[in-house]
Amino acid sequence: MKPCSLLTLALALAGPLAHAEPPSIADFQRPPAFSGPVLSPDGKHVAAIINPDGKTTALAVVDTDKPSEATPLKAFGQADIRDIYWLDNDRLAFTVRSRVDGEGWRVPPGLWTVHRDGSGFKQWVDAGPQSLLWRFVETPQGGRALQRSREGFGSTDSTPQNKRLLDAGWSLFQPPSPARPGELILRRYVADGQGLASHADLLRLDAATGERKPLTEGAPAKVLDWVLDAAGQPAFAMGTDGRGGSRVMARAADGSWSTWSETADGEPLRQPLAIDRAGRLYLLVSENGRKALHRADSLAPDAPTTRLVGSSVYRVSPRLLRDLDTDELMGVHFEADVPQTAWFSPVLAAAQAEIDRRLPGAANIVSCQRCLALPTLLVTSFSDRRPPRYFLFNRESGTLTSLASSMPWLPEGRPRQVAATSARDGLRLPIVVTHPVQAAPGPAPTVLLVHGGPWVRGNHWAWQAEPQFYASRGYLVLEADFRGSAGYGGRHERAGDKQWGLKMQDDLDDVVAWAVKQGLTDPQRVCIVGASYGGYAALMGLSRGQVACAVAQLAPTHLSLLTSRHWADFGEEALYYTLPRRLGDPVADAALLRANSPVNLIDKLQGPLLLMYGALDTRVPLAHGTALRDALTAAGRPPEWVVYPDEGHGFYKWEHQQDAWRRIEAFLATHLGPKN
C-alpha cells in the first residue's frame with residue numbers, strides 16, 4: 001500500500017494542540033491514534049496500531065529511516081487490532097479485540113500473520129463463536145479469573161478454510177521469540193462446570209508450515225499458567241491447590257511432574273518467571289510479603305538466589321529485557337511510584353540517562369531486541385500530564401527523533417502528585433493527587449475516586465483519562481490504595497480482610513483528612529465516585545455523612561449476595577475458601593455482612609446519589625441496585641438512576657461511556673460545583 005504521512009493520519013509530530021476550553025468527553029474517550037509500537041529485531045522498522053479517525057484501526061509499519069511515514073497494512077472495522085509482534089525481520093503476527101461488546105466478553109483475539117509489505121496474509125485462529133468467548137472477572141485472591149460466555153452467536157462458517165483454523169478458544173500465550181523464528185505458542189482455557197477456567201493447554205504452531213504440536217499432554221490438573229524453557233518446552237506449571245492456595249509443579253527430564261513449591265493460602269513464595277539459554281531461572285521471591293525479582297543458577301526449588309530488583313514499598317511485577325543475541329538480562333522494566341527501568345548494561349544505562357535528560361519530567365521506557373549490536377532504541381515516554389509519546393533514539397549518534405503522539409488532540413493535563421499518609425492505626429496509605437484547573441487559590445472541591453477490585457493496585461502516576469477529566473472540570477482528584485489493595489505486600493493486602501465498610505472505609509476518610517490538612521481539599525465539597533467495589537465505597541462514604549454526594553456505579557449493596565452460592569459468579573474455590581477470609585463467611589460473619597451492606601443503611605444514606613448499573617451484570621446483578629433504589633424511594637429520597645440495558649459489569653459501548661460521563665459531569669456540577 002502507498003505510504004501515508006503520519007501527520008496526515010493525525011499522528012502529530014509536534015506537541016499537543018492548544019485548547020481554550022477544556023477537552024470534551026469525546027476527546028478523553030477517543031481511542032489513541034497511535035499505540036502499541038514494537039521495534040523489529042534488526043531495528044529497521046516499527047510496527048504500530050494506528051487509528052486516525054477514531055473508528056477504524058489498522059496495522060502500520062514505519063521505516064526507522066523515514067519516521068514521518070507509515071504504511072497501513074490491514075483494517076478490521078469493528079474488531080480493533082489489539083497486539084502486534086515481530087516473528088522475524090519480515091513477518092508480523094497480530095490479534096484483535098472488540099470495542100462494542102456490551103457485557104465485557106472479549107471477541108476471541110484470533111491470530112493472523114502478515115509480511116511487513118502486506119503480502120502473505122494468513123489467519124490461524126478463528127475469531128468466531130461466542131460460546132468460546134472469555135472475560136476476566138475479579139477474584140478475592142487479588143487477581144482475575146477467566147469466565148466463559150454462556151451465550152452462543154458468531155461465526156458458524158464451515159468452509160474448508162475455516163475448518164483448517166484452530167478454534168476460537170486458542171490465543172497467543174506469549175510474544176513470539178525471534179530466537180525461534182516462526183514459532184507461535186498458543187494457549188486454550190478449558191472451562192469447569194461453572195464456566196470458569198479450570199486449566200490451560202498449550203500448543204506449538206509453525207507459522208511457515210502450519211504444523212501443530214500439543215505441549216501439555218499429561219500435565220497436572222488446575223494449571224492456568226506455564227513457564228517454558230529456552231527450547232520452548234514446558235518447565236513449570238502453576239495453578240491452585242483447589243483450596244485457596246497455590247501450587248507450582250516442575251517437569252522432570254522424563255516428562256513427569258512433581259510439586260516444586262506449595263502455599264496453603266495465596267500466591268507462591270517462589271514464582272518462576274523465565275529460564276534463559278544457560279539454564280538460569282528468573283523468579284519472584286517473597287520478601288516480607290512483597291515480591292522481588294531474583295535469579296537462581298539452577299531450577300532446584302531450594303537453589304540459592306541472587307536478588308536483582310526489589311522494593312521496600314512496592315511489589316515488583318517485572319518485564320525482563322533479554323538481548324536477542326546473547327540472551328543476557330540487559331534490564332528490567334517495573335513500576336514503583338513511577339514506571340522505571342533497572343539497567344544491568346552500562347551501555348543502555350548511559351543511553352537511558354541521555355534520553356531522560358532530553359525528555360525531562362517523564363518516565364521513558366526503552367525497548368529493543370538486539371540491544372547491544374544495534375544502535376536504534378524505541379522509547380515510550382510516559383508522563384503524568386499527557387498520554388504516551390513515542391520516539392526513536394540512536395545511541396551512537398545521540399539523535400532523538402519524534403515518532404508519534406498517542407492522543408495529539410489533547411492539551412497538556414494536570415500534574416499528578418505521588419504522596420502517602422498514615423492511617424489512624426499507622427498503616428501507610430499510598431495516594432495520587434491530580435491537581436485541578438482552578439483560577440482561585442485555596443482548597444478545591446474534590447472527587448475521591450475509589451478503585452474497584454478491591455484486591456488490585458489502583459494508584460498509577462502516569463496520565464489517566466478519568467482523573468484528568470475531573471481535574472479539567474476544576475476538581476481536585478484523590479486516589480488511594482486503601483488496605484486490601486494489591487501491590488504493596490501481604491501486610492497491606494491482609495489488613496483489608498473482613499474490613500469492607502470498616503477500616504477500608506476509614507482509610508478513605510483518613511486520606512480526605514490528609515488532603516484537608518494539606519490545604520488541598522474543601523471538606524464541605526467532597527464527592528466520592530467509584531465503580532464495583534468503588535461504588536460500594538461511595539455508598540458507605542455517603543452513609544457516614546462526611547461527603548457532599550456520591551456516584552456509585554455497579555455497586556454491590558448486599559454483601560451476603562456476593563458470597564451466596566446462588567447469586568455469586570465466583571468459582572467454588574473462591575466461594576468456599578477465599579471469600580470467607582477476605583470478605584466474610586456467609587454464616588459465621590452474617591451479622592458483619594448485614595451491618596455493612598448499604599441496603600441496610602437506608603436511614604444513613606442522606607445526600608445526593610447517582611446510581612448506575614448494567615442490566616446484564618452477573619458479578620453485581622441488577623437486584624443490588626433496584627433494592628437500594630426502591631428502599632430510598634420509599635424513604636422519600638429517590639436517587640438519580642440509570643440502567644444500561646445491554647451492559648454488564650462495566651460500560652463498554654461508546655455511547656454508554658459518553659452518556660455515563662455526561663451524567664457524572666452534570667451531577668458534580670450541581671452538587672459540588674467549582675467556585676470558578
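We use all heavy atoms of the structure for the numbers below, so side chains are in, but hydrogens, waters and symmetry mates are not.
Of the possible donor and acceptor atoms, none in the side chain of Thr57 sits under 3.5 Å from a partner among the backbone N and O of Ile49. Put simply, the side chain of Arg386 never gets that close to the backbone of Trp463: no donor and acceptor are under 3.5 Å apart. Looking at Asp384, its side chain does come within 3.5 Å of a backbone N or O of Arg416 through a donor-acceptor pair. Not one N or O on the side chain of Arg525 forms a donor-acceptor pair closer than 3.5 Å with the backbone of Pro443. Panel note: side chain Tyr475, backbone Leu672; no donor-acceptor pair is recorded below 3.5 Å. Judged by distance alone, with hydrogens and angles left aside, the side-chain atoms of Gln468 form no donor-acceptor pair with the main-chain N or O of Arg385 at under 3.5 Å. Thr95 places no side-chain N or O within donor-acceptor distance of the main-chain N or O of Arg82, the cut-off being under 3.5 Å.
Taking every heavy atom of both residues into account, Leu508 and Ala480 meet most closely at CD2-CB, 4.4 Å. Pairing each heavy atom of Pro32 with each of Ser35, the nearest pair is CB-CB, 4.1 Å. The heavy-atom pair separating Val313 from Arg290 by the smallest distance is O-NE, 3.1 Å. Nearest heavy atoms, Val529 versus Val447: CG2-CG1, 3.8 Å. Of all non-hydrogen atoms in Pro608 and Ala548, the two that sit nearest each other are CD-O, 3.2 Å. Between Pro556 and Leu562, the shortest heavy-atom distance links the atoms CB-CD1, 3.8 Å.
Using a 4.5 Å heavy-atom threshold, the side chains of Asp646 and His656 count as touching. In this structure the side chain of Leu609 reaches within 4.5 angstrom of the side chain of Leu539, judged on heavy atoms. Ser472 has its side chain out of reach of Arg414: every pair of non-hydrogen atoms, C-beta onward, lies at least 4.5 Å apart. With a 4.5 Å cut-off on side-chain heavy atoms, Leu605 and Leu628 count as touching. For the pair Gln29/Phe469, no side-chain contact is recorded, criterion being any heavy-atom separation below 4.5 Å from C-beta on. Annotation: side chain of Thr421 is in contact with side chain of Ile431 (closest heavy-atom distance under 4.5 Å). Side chains of His451 and Asp481 form a contact here, defined as non-hydrogen atoms less than 4.5 Å apart. When side chains are defined from C-beta on, Pro454 does not count as touching Tyr536, because their heavy atoms never get closer than 4.5 Å.
Rounding to the nearest 0.5 angstrom, the gap separating the CD1 atom in Ile664 from the SG atom in Cys527 is 9.5 Å. If you take NZ on Lys222 and OG1 on Thr240, they are separated by 5.0 Å, rounding to the nearest 0.5 Å. Here Leu611 contributes atom CG and Leu632 contributes atom CG; the two are 7.0 Å apart, rounded to the nearest 0.5 Å. One finds the CG atom of Asn459 at 10.5 Å from the CG atom of Leu478 (value rounded to the nearest 0.5 Å). Atom CD of Glu647 is separated from atom CE of Met612 by 10.5 Å, given to the nearest 0.5 angstrom. Atom CG of Leu429 is separated from atom CZ of Arg483 by 7.0 Å, given to the nearest 0.5 angstrom.
Between the side chains of Asp27 and Ser24, a donor-acceptor pair is found at a separation under 3.5 Å.
Using cut-offs of 30° and 60° for the angle between ring planes, the Tyr488 and Tyr314 rings count as tilted. Relative ring orientation between Tyr613 and Trp641 is described as tilted, the plane-to-plane angle lying within the 30° to 60° band.
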(message) I'd like to know whether His460 forms a side chain to side chain contact (heavy atoms under 4.5 Å, CB included) with Val432, so could you lay out the CA-CA distance, the side-chain angles of the two residues, the decisive distance to 0.1 Å, and finally the verdict.
(response) CA-CA 7 Å; His460 302 280; Val432 174; over 6 Å; no
(message) Between Leu622 and Leu616, is the side chain to side chain contact (heavy atoms under 4.5 Å, CB included) condition met? List the steps.
(response) CA-CA 7 Å; Leu622 185 58; Leu616 303 181; over 6 Å; no
(message) What verdict does the side chain to side chain contact (heavy atoms under 4.5 Å, CB included) test give for Leu502 and Asn596, after you've listed the backbone C-alpha separation in whole Å, the side-chain angles of each residue and the deciding distance to 0.1 Å?
(response) CA-CA 8 Å; Leu502 300 171; Asn596 292 287; 3.6 Å; yes
(message) Applying side-chain hydrogen bond (donor to acceptor under 3.5 Å, both in side chains) to Ser485 and Arg457, what does each step give before you reach the verdict?
(response) CA-CA 5 Å; Ser485 301; Arg457 177 175 174 177; over 6 Å; no
(message) Under the criterion side chain to side chain contact (heavy atoms under 4.5 Å, CB included), I'd like the reasoning laid out for Phe482 against Gln505: C-alpha separation, chi angles, the key distance, then a yes or no.
(response) CA-CA 8 Å; Phe482 45 84; Gln505 204 70 36; over 6 Å; no
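Listed by chain and residue number, nothing satisfies the ring-ring contact (aromatic ring centres under 6.0 Å, His included) test with His435 (two or more places apart in sequence, or in another chain).
Arg663 and Asp659 are joined by a salt bridge, as a carboxylate oxygen and a charged side-chain nitrogen come within less than 4.0 angstrom of each other. A salt bridge links Asp506 with Arg544; the closest basic N to acidic carboxylate O contact falls under 4.0 Å.
Aromatic ring centres of Tyr533 and Trp500: separated by under 6.0 Å.
Enclosure of atom CZ in Arg662 by more than 12 non-hydrogen atoms of other residues, nucleotides or ligands within 6.0 angstrom is indicated.
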